[in-house]
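What you see is a predicted model; the values in this text were computed from it and never measured. Letters A, B, ... are given to chains in the order of the sequence lines, protein chains preceding strands, and every chain is numbered from 1.
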Amino acid sequence: MPTILNIAAPKDFRLARDYCSYGYFLLEPNHWEPDTQTVSRVLNLESGPAHFEIVQTAIRPEPKLRARFDRSLTRPEQGEARRKIGRMLSLDVTHEQIKAFHKVDPRWTRAAGGGGRGRLSRSPTLFEDIVKTVTSCNVAWPSTINMNRRLCDVLGARSPSGKPAFPTPAKLARTRAGTLRARCRVGYRDQRLIDLAKMYHKGEISEAWLTDPKTTDDEAFKFLLTLPGVGPYAAGNIMQLLGRFSRLALDSESVRHGKTVLGLTGKDAAILKRMTAHYEPFGEHKFRSYWFEIWAWYEARQGHATTWEKKKTATAFTAAKLK
DNA sequence: GGTAGACCTGGACGC
DNA sequence: GCGTCCAGGTCTACC
């Protein structure tokens, strides 16, 4: 009998607002159904992949979520699924932590969905977040969508209902570079992705160490810069996906934001330097402040993120359309 | 330490 | 429809 998990969430959690909060929610194998407000995807679990759909069943007195799987999960798998869904939805981020952010930046206290903005969605595993970040570097958004779709289609194991998972580190580690390039269209990233997968598979990338409060932000950032395919932008982005928001992830989109929203002028390098100074007052929350400004700008042009359809964003979020 | 050029893909543009 | 140009972040070689 298919497993159903009931999952408690922090009291300010709203599935639609908090899941549709970062671009990766539009990348395979993630899926958001605007009409039914349902999150779905395949999880890699101990005995193999399982597809699930998750909805919010209650807001008060306490938010509740219900996840329905396409197969029966063992008891250990149920724990694993809870952990991975918790990571995806940032359920470990408490109401108190969100309030601390709003104290520094009150603009997001009353965002759509009630309770205010603060959580950013991410992947069930750090490995998937790193790969998604590397596939977002040096390409336009449609290419990132395609690379992730092909990685799942070509290398992802299938759930009982036939849907593909994200490739596991083990699978990606033993894939040939030529296959990645020809069938997944990852270009020159082929060997870098394989090297990342090997490192992760061997335990050389430790999420426990990277998220340990005893590890400083500087130490974590410095380590991330040593990873293949990871430079200053990618490292900054992976930092926020680890729950460390004290760094910005500056790229060409940041320059666009600096010009169009903050009204900065001058050469790109100068704009980025001024942006770094601009967000400094937000301290350990600066990525959140920066990101929600960008997200609000997207929503002002494209409608609320909860209404976005995956296919349409491939054409709506090209550089030309965002000018 | 700073910088130029290569890397690869796909959208935009001109014909 | 086809060919060409260009944007995008990281890496390496070089000064």
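The only option from A:F245, A:F282, A:Y22 that meets the ring-ring contact (aromatic ring centres under 6.0 Å, His included) definition with A:W291 turns out to be A:Y22.
The interatomic distance linking A:L272 (CG) with C:dG9 (P) rounds to 10 Å, in whole Å. A:N148 places its CG atom 13 Å from the P atom of B:dG10, with the value rounded to the nearest Å. Separating the CG atom of A:D251 from the C1' atom of C:dA7 is a distance of 12 Å, rounded to the nearest angstrom. With rounding to whole Å, A:W141 atom CH2 is found 14 Å from C:dG8 atom C1'. A:L193 has its CG atom 17 Å from the P atom of C:dG9, to the nearest Å. Per the geometry, CZ belonging to A:R181 stands 12 Å off P belonging to B:dG10, to the nearest Å. Following rounding to the nearest Å, A:I238 (CD1) and C:dG9 (C1') show an atom-to-atom distance of 12 Å. Atom-to-atom, CG of A:D268 to P of C:dG8 comes out at 9 Å; the value is rounded to the nearest Å.
A salt bridge does not link A:D92 with A:K84: none of the charged nitrogens is closer than 4.0 Å to a carboxylate oxygen.
In terms of the salt bridge (charged side-chain N to carboxylate O under 4.0 Å, His left out) criterion, residue partners of A:K259 (sequence neighbours excluded) are, by chain and number, A:D268. Partners of A:E128 under the side-chain hydrogen bond (donor to acceptor under 3.5 Å, both in side chains) rule, at least two apart in sequence or in another chain, are A:R41, A:K132. Remark: A:E293 pairs with A:R107, A:H257, A:Y279 by the side-chain hydrogen bond (donor to acceptor under 3.5 Å, both in side chains) rule, at least two apart or across chains. By the side-chain hydrogen bond (donor to acceptor under 3.5 Å, both in side chains) test, A:N146 pairs with A:R149, sequence neighbours left out. Partners of A:D212 according to the side-chain hydrogen bond (donor to acceptor under 3.5 Å, both in side chains) rule, which considers only residues two or more places apart in sequence or in another chain, do not exist here.
Residues A:N138 and A:R185 both approach DNA chain B. Their nearest nucleotides, taken by heavy-atom distance, put A:N138 toward the 5′ side.
In this structure, the helix from B:dG1-C:dC15 to B:dC15-C:dG1 shows an angle of 40° between the axis at its start and the axis at its end, each fitted on 5 base pairs and rounded to 10°.
Contacts classified as ring-ring contact (aromatic ring centres under 6.0 Å, His included) and involving residues 222-244 of chain A (residues at least two apart or in different chains) are given here: A:W209-A:F223.
In this structure, A:R150 reaches the B:dG10 phosphate: one of its side-chain N or O atoms is under 4.0 Å from OP1 or OP2. Here A:S252 does not reach the OP1 or OP2 of C:dA7: none of its side-chain N or O atoms lies under 4.0 Å away.
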Please output the side-chain donor-acceptor pairs of residues 158-168 of chain A that fall under 3.5 Å, not counting sequence neighbours, one pair per line with the distance.
| residue | atom | partner | partner atom | Å |
| --- | --- | --- | --- | --- |
| A:R158 | NH1 | A:G162 | O | 3.3 |
| A:R158 | NH2 | A:D153 | O | 3.3 |
| A:S159 | OG | A:D70 | OD2 | 3.1 |
| A:S159 | OG | A:S161 | N | 3.3 |
| A:S159 | OG | A:S161 | OG | 3.1 |
| A:S159 | OG | A:K163 | N | 3.3 |
| A:S161 | OG | A:D70 | OD2 | 2.6 |
| A:T168 | OG1 | A:K171 | N | 3.1 |

task: Determine, for nucleotides 10-15 of chain C in 5'-to-3' order, which nucleotides have protein heavy atoms under 4.0 Å from the base (write B), from only the sugar-phosphate (write S), or from neither (write -).
output: SS----

